[in-house]
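Notes to accompany the following structure.
Every heavy atom of this structure was used, including side-chain atoms; hydrogens, water molecules and symmetry mates were not. Counting starts at 1 for both ligands and their atoms, following the listed order.
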Amino acid sequence: MYQSIASFVALISLLDCSAAQSSLLSASRATPASSRAATSTYSQSDVPTGTAIPGDYDDAYRPQVHFSPPQGFMNDPNGMFVDANGTYHLYYQYNPAANVAGRQHWGHATSQDLYTWTNQPIAIFPGGPTEGVFSGSAVVDVNNTSGFFPNQTNGVVAVYTINVPENQTQHIAYSHDGGYSFIKYADNPVISPGGTNPTQFRDPKVIWDVSTQRWVMVIAYPIDFEIGIFSSPNLINWTAESNFSHYGVTGLQYECPNLVEIPVQDSNLSESMYAMLISINPGAPLGGSITEYFLGSFNGTHFDALDSTVRFTDFSKDNYAGQFFYGIPSDEDQVTLNWASNWQYTNVVPTAGEELGDGFRSAMTVPRGHYIKNLTRFGPSLISYPWNIMSIVESELASNNSLDNGTVLLDYSNVKSGAVYFEANITGLTTSESLDGTLNFTFSSSVSGESISGGTFISNGDVWLDRGHTDGFSNPFFTDKFSATGLYNEDDGSWRLSGIIDRSIIEIFLNGGELSASSVFFPTRPLDTMALRVSGLNSTATASVGVWALKAAWLNQADVNGTVSGNVTSGGNSTRLGGMRLL
Ligand SMILES: *[C@@H]1O[C@H](CO)[C@@H](O)[C@H](O)[C@H]1NC(C)=O
Ligand SMILES: *[C@@H]1O[C@H](CO)[C@@H](O)[C@H](O)[C@H]1NC(C)=O
Ligand SMILES: *[C@@H]1O[C@H](CO)[C@@H](O)[C@H](O)[C@H]1NC(C)=O
Ligand SMILES: *[C@@H]1O[C@H](CO)[C@@H](O)[C@H](O)[C@H]1NC(C)=O
Ligand SMILES: *[C@@H]1O[C@H](CO)[C@@H](O)[C@H](O)[C@H]1NC(C)=O
Ligand SMILES: *[C@@H]1O[C@H](CO)[C@@H](O)[C@H](O)[C@H]1NC(C)=O
Ligand SMILES: *[C@@H]1O[C@H](CO)[C@@H](O)[C@H](O)[C@H]1NC(C)=O
Ligand SMILES: *[C@@H]1O[C@H](CO)[C@@H](O)[C@H](O)[C@H]1NC(C)=O
Ligand SMILES: *[C@@H]1O[C@H](CO)[C@@H](O)[C@H](O)[C@H]1NC(C)=O
Ligand SMILES: *[C@@H]1O[C@H](CO)[C@@H](O)[C@H](O)[C@H]1NC(C)=O
Ligand SMILES: *[C@@H]1O[C@H](CO)[C@@H](O)[C@H](O)[C@H]1NC(C)=O
Ligand SMILES: *[C@@H]1O[C@H](CO)[C@@H](O)[C@H](O)[C@H]1NC(C)=O
């Protein structure tokens, strides 16, 4: 969850701004489902309960294969899990009442493919006027370790931070209906403030540790630059086991940690390793927010990093607070969604106006698949690729298996989504002497000439992305050029660049995700023309290129006005926590 020292003050004032509504608050309401249920709920007349919020998904900036909230403001992904039927649940930090951060709820959406989403009613509401339901995670308590689920194997427990001006504490809530509605645990909090400052303790992420048959939580002590590791037999009683402290780039805060077991591709490494991911904000090397990670081992109580190398998940600056889905078997590639924005400018980007309902703020990245690969000289690294991207392809726009030193030019103005996926593989790079040439892409507007471009120099491994030639947004922190350097691997004999562009967000991947970047961008006119250029290849090398139109996953569900209404069948399901509308 977000909270710089400066923005903490801003949050309080945002909450203060909402004090006008507090006369409409209900103090408490008996919960029907269980005698252990919390009684503290809170109704806000301007926040809908029991019904999905509709959104305009036909805006020029509205991504079509990326998740974005119907309206209002979204930041961190929360509570991500996949249920026994293969339904993915995404919760997210949500301000349903304004287009800027504040008044944190858990928004909710579900998907079968992680590209096509159904908006659900808000899942978790604050319990009082100064409360924020900050970031956290969710698990399926299949064995009923918590005791909340005597008669079912699909009980869901959410574990999250409650923020009040005085402190941050960890709470749980449980769901009997597979994650659509939650009952707050009566004896919250389950963890009281720790660390040097009671207001700085947040973002619990819980996994099941098979070796110890216990739940394990990682949680940030942000300003202490520490990640706490806790264990629990039942999700209720938590024991502090160890701290992972002062690793890597600290910035001004650690946030949103993840600990996850990830399969390793290379046979000379063990079959899996653990990754510890830490999001930093503010103070990232490129400014604002970014995510770093460490690889190592976990023995049930301690995470031991393999080395002290700092590695980043992305080389641009719109990838923060990513979370791994709970429930994907540890021998399969693990999957994240990541918040595709940056606290330096997220509250002012032009996807929304002043009024609620006028646009939206923030999108998630596409789902990223992850495994670990031992890269030349870099050593073990987290690979990050667009997960199952071909599943959302609508049609092929171009294909050429021997482009050589050539150009693919294409007009995609008739693609309904405005979203395109491309791959360009240079093969036949038999030795390092054969590394030569460049591979570039440009997406531009045939009307305004604005463009997003990027590419790679095959000779030295540099890869770059430039969002500077777009005129819809200007801000000193909206850095416009990014680059990183990859290393050629002789065993591969290839150099590959792929990417997804989706109206106002681009994600690119070098060599299948050895390096990746996510950037939002804001042209004044829609981009509609693509050029992919290859030149200077060694005569032993050739280029193979494919470009595909992606489905309009959101617009395909919209009515004539571009409105997607969300789940209209489950109304009433999630009113329990929301309490009554007091109008
Ligand atoms: C899976 O779907 C079945 C049939 O719709 C439903 O009864 C069951 O509750 C679902 N399971 C989960 C884990 O949601
Ligand atoms: C559930 O119980 C089984 C059998 O004891 C065990 O193998 C598994 O790890 C447990 N999983 C969870 C999430 O409790
Ligand atoms: C299962 O148990 C919970 C809690 O006791 C109860 O609310 C729910 O109605 C029960 N469900 C079924 C299908 O019996
Ligand atoms: C956190 O602050 C609230 C509000 O002042 C207070 O009621 C509560 O007791 C505090 N919790 C802990 C565990 O200190
Ligand atoms: C958990 O803590 C509660 C009090 O907070 C205590 O009554 C209970 O015995 C504990 N359970 C376990 C399994 O330690
Ligand atoms: C990674 O591969 C290199 C050889 O390229 C090898 O020396 C190194 O031991 C490997 N790393 C691990 C952790 O196995
Ligand atoms: C886990 O590792 C820590 C430190 O590396 C060590 O102190 C502890 O004894 C280990 N625990 C087990 C169960 O091996
Ligand atoms: C092309 O690559 C081969 C090795 O595959 C190398 O011998 C040759 O010098 C390269 N040609 C040029 C023009 O660099
Ligand atoms: C790709 O872009 C780079 C950097 O602007 C440039 O040096 C190179 O000539 C371009 N290559 C092609 C094929 O356009
Ligand atoms: C591509 O261009 C390079 C440099 O001009 C040249 O050496 C190479 O032969 C060309 N490749 C093909 C297939 O024409
Ligand atoms: C590029 O290479 C990858 C990995 O080998 C392959 O899956 C993909 O089909 C290739 N794409 C094209 C356009 O050749
Ligand atoms: C579309 O918008 C128009 C004008 O606001 C309205 O009259 C019409 O009912 C809307 N259609 C739907 C399906 O909501």
- request: May I ask you to list the atoms of ligand 6 that are less than 4.0 angstrom from any heavy atom of Asn374?
  value: 1 (C), 2 (O), 3 (C), 8 (C), 10 (C), 11 (N), 12 (C), 14 (O)
task: Check each of Tyr293, Tyr385, Phe324, Trp387 against His370 using the ring pair (Phe, Tyr, Trp, His ring centres under 6.0 Å) test, and report the only one that passes.
output: Phe324
Check ion pair Arg368-Asp333 (N to O, under 4.0 angstrom): no
- prompt: Ion pair present between Arg467 and Asp318, side-chain N to carboxylate O less than 4.0 angstrom?
  reply: yes
Could you tell me whether [atom] has a protein heavy atom closer than 4.0 Å?
atom                    : result
atom 11 (N) of ligand 5 : yes
atom 7 (O) of ligand 6  : no
atom 2 (O) of ligand 5  : yes

message: Below 3.5 Å, N or O to N or O, backbone or side chain included: is there any such pair between Arg533 and ligand 9?
response: no
- prompt: Going by the angle between their ring planes, with limits at 30° and 60°, are Phe201 and Tyr221 parallel, tilted or perpendicular?
  reply: parallel
- prompt: Should the pair Tyr174 and Phe148 be assigned to parallel (<30°), tilted (30 to 60°) or perpendicular (>60°) ring geometry?
  reply: parallel
- prompt: Would you say the side chain of Leu286 lies within less than 4.5 Å of the side chain of Phe482, judging by non-hydrogen atoms?
  reply: yes
field: Nearest non-hydrogen protein atom, atom 5 (O) of ligand 5
entry: Asn237 ND2, 4.3 Å
- prompt: Where is the nearest protein heavy atom to atom 13 (C) of ligand 5: which residue, which atom, and how far?
  reply: Asn234 ND2, 3.8 Å
- request: May I ask you to list the atoms of ligand 9 that are less than 4.0 angstrom from any heavy atom of Trp464?
  value: 2 (O), 4 (C)
